[in-house]
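For reference, the structure discussed in these notes is given below.
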There are 2 protein chains.
Amino acid sequence: MIPLRTDPTAPWNPQAQVCLACGVRRFALFGVLDDAELAAIHHRIADIALEPGQRLYDANDRGTAAYTIREGVLRLERSSERGDRRIVRLAGRTQLVGMEAMLGQTYAADAIACTPVRACRLPRALVDELAEHRPELLRDLMKRWQSALDEADEWLTELSAGSARWRVLRLLLKLTEYGEPDGRLWLPTRGEMGAMLGLTVETTSRLVAALKREAVLEPLDARHARVDMTALAAALKAESDAAG
Amino acid sequence: MIPLRTDPTAPWNPQAQVCLACGVRRFALFGVLDDAELAAIHHRIADIALEPGQRLYDANDRGTAAYTIREGVLRLERSSERGDRRIVRLAGRTQLVGMEAMLGQTYAADAIACTPVRACRLPRALVDELAEHRPELLRDLMKRWQSALDEADEWLTELSAGSARWRVLRLLLKLTEYGEPDGRLWLPTRGEMGAMLGLTVETTSRLVAALKREAVLEPLDARHARVDMTALAAALKAESDAAG
DNA sequence: CGAAAACTTGATTAGCATCAAACCAGGTGG
DNA sequence: CCACCTGGTTTGATGCTAATCAAGTTTTCG
């Protein structure tokens, strides 16, 4: 018989403590669960770590789980029938990806880490079970679908149309949502930026370089920068006036 | 007292017959309901007719209903912060629009008829009531959210990137989904096409004209055409080879 | 029939892609 | 520790694609 002290469902189990103390807990899908409920299921939630470039799942895989991102930024990427890859969305802290698995569908995109990522794997069976007693869970799921849809629409209107400069500026604005609390901003590679905006690496590089010169963007290290929000807003305004 | 024969919930009521005999019934959100259930609620479903250009709802309105499209094509349109309008999705027969109202949210886009449209108005309260006894309804809703998301991602990868010719060709392919069963295809105005593809009216016009000359597109009347699917496939192939 | 809207076509230009080369940082192995 | 390699970045020169500007035409509708 398994000794009591290593019972994985027990709340004094170390992993249970991790779940209970999780920083994103209240904002994640399982945020509606109370301590007791979480303690009863935490052992079915695998903790996953990814290095930049590693995949969480691939498009067309028959998925059996969704994932809550606890840390880092993940990109959702599709290849077009012309053969080039396009990033259709980013996902960061507290966001849920791979929801299509909850419907028994295959994943719609590749999910690849842009930065070091930590995620929790939520098996479909678990979500189904919990949803039976906790209808709020389904409601939360639906809200997340709607958010993803809003996000996709925003990418269409703001990041895939207008001049290259406008798109890069809008992307910086979007990236502030994924920045560190201290104002440090994660900067994707130029290739990633291009794949998000439908631009080439060269064009993206030129525009980012220009923004550095204009002091909209203060480079910290290769992958991080600080943005002058006032200057960014002014640049966006100027660019939209130029277009109209 | 209301005479029995005009009782709106009675199955022999004319409107009830309309609902029971509805052509899209089995493919629509309320497809899971049986005759008795439908007869009990049909009087709460308003039948709506729109002429081209009329609006079903506006972005940012606090919506209290979703809509099932029974006939015609509707466009979902957003204006960007630069001030130009972009069509982010189309919706046709059997599709559900305005789902965000089911979450108590405001509509995310303007919904405007492209062709004469007939739609059924499904009040949020009704959907909530039915969902309590019929959990499949929520499942269907979630599937529709996922479909909308897939569609949005496809618009990003196939209709918003690549050469103008590629986009127009892909749009024709997409439009076959909204065509009549006899192979007749609804053609949007050049302005609408441009707003879907992120191109100007002039460019769109030139490319559509070229496709007519190449006999990929056989014009029937101003708003309809027939496409040679083989020629379309060949043109797409050629265009994607040229890019790669 | 006349006005407005949509469409088409042409001429010109701006903006981004393409091609090419140099540069830089981080990591590896001698 | 340095030489080297690799992947990402920057910059320049050139060309092509689609935007823009400008008529002119066709269709739609009151």
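Every chain is numbered from 1 and lettered A, B, ... according to where its sequence line falls, protein lines coming before strand lines.
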Practice problem: For side chain to side chain contact (heavy atoms under 4.5 Å, CB included), just list the numbers for B:V117 and B:E71, CA-CA rounded to whole Å, side-chain angles, deciding distance to a tenth of an Å, and then say yes or no. | Solution: CA-CA 5 Å; B:V117 163; B:E71 207 55 62; over 6 Å; no
Exercise. Kindly determine whether A:S160 and A:R86 satisfy side-chain hydrogen bond (donor to acceptor under 3.5 Å, both in side chains), including the steps that lead there.
Key: CA-CA 11 Å; A:S160 302; A:R86 173 113 200 204; 2.9 Å; yes
Quiz item: side-chain hydrogen bond (donor to acceptor under 3.5 Å, both in side chains) between B:R170 and A:S80: does it pass, once the steps are laid out?
Solution: CA-CA 11 Å; B:R170 285 297 307 203; A:S80 83; over 6 Å; no
Self-check item: Intermediate values then yes/no, side chain to side chain contact (heavy atoms under 4.5 Å, CB included), B:V97 and B:T68
Solution: CA-CA 7 Å; B:V97 298; B:T68 292; over 6 Å; no
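The distance between atom CZ of A:R165 and atom C1' of C:dG15, rounded to the nearest whole Å, is 14 Å. As rounded to whole Å, 18 Å separates atom C1' of C:dA17 from atom CH2 of B:W166. Between A:H224 atom NE2 and D:dT9 atom P there is a gap of 13 Å when expressed in whole angstrom units. Nucleotide D:dG7 holds its P atom 14 Å from the CZ atom of A:R223, rounded to whole Å. The CD-P distance, from A:E239 to C:dA14, rounds to 16 Å in whole Å.
Side-chain contact check for A:T94 versus A:I69: every heavy-atom pair is 4.5 Å or farther apart. Taking the side chain as every heavy atom from C-beta outward, B:C22 and B:R70 approach each other to under 4.5 Å. Using a 4.5 Å heavy-atom threshold, the side chains of A:W155 and A:K174 count as touching.
Judged purely by distance below 3.5 Å, without hydrogens or angles, the side chains of B:R121 and B:T64 pair a donor atom with an acceptor atom.
Panel note: side chain A:R226, backbone A:H224; no donor-acceptor pair is recorded below 3.5 Å. Side-chain atoms of A:E100 come within 3.5 Å of backbone N or O of A:A108 as a donor-acceptor pair.
Residues from residues 191-215 of chain A with heavy atoms under 4.0 angstrom of DNA chain C, sorted by number: A:G198, A:L199, A:T200, A:E202, A:T203, A:R206.
Stem analysis of DNA chain C (Watson-Crick or G-U pairs, both distances under 3.5 Å, runs of at least three) returns C:1-30 with D:1-30.
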Quiz item: With the sugar-phosphate defined as primed atoms, P, OP1 and OP2, and the base as all remaining atoms, what B/S/- string results for nucleotides 24-30 of chain D, 5' to 3', for protein heavy atoms under 4.0 Å?
Solution: ----S--
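In this model, the phosphate group of D:dT9 is approached by a side-chain N or O of A:R190 to a distance below 4.0 Å at OP1 or OP2.
Between B:Y67 and B:Y107, the two ring planes are tilted [angle within 30° to 60°].
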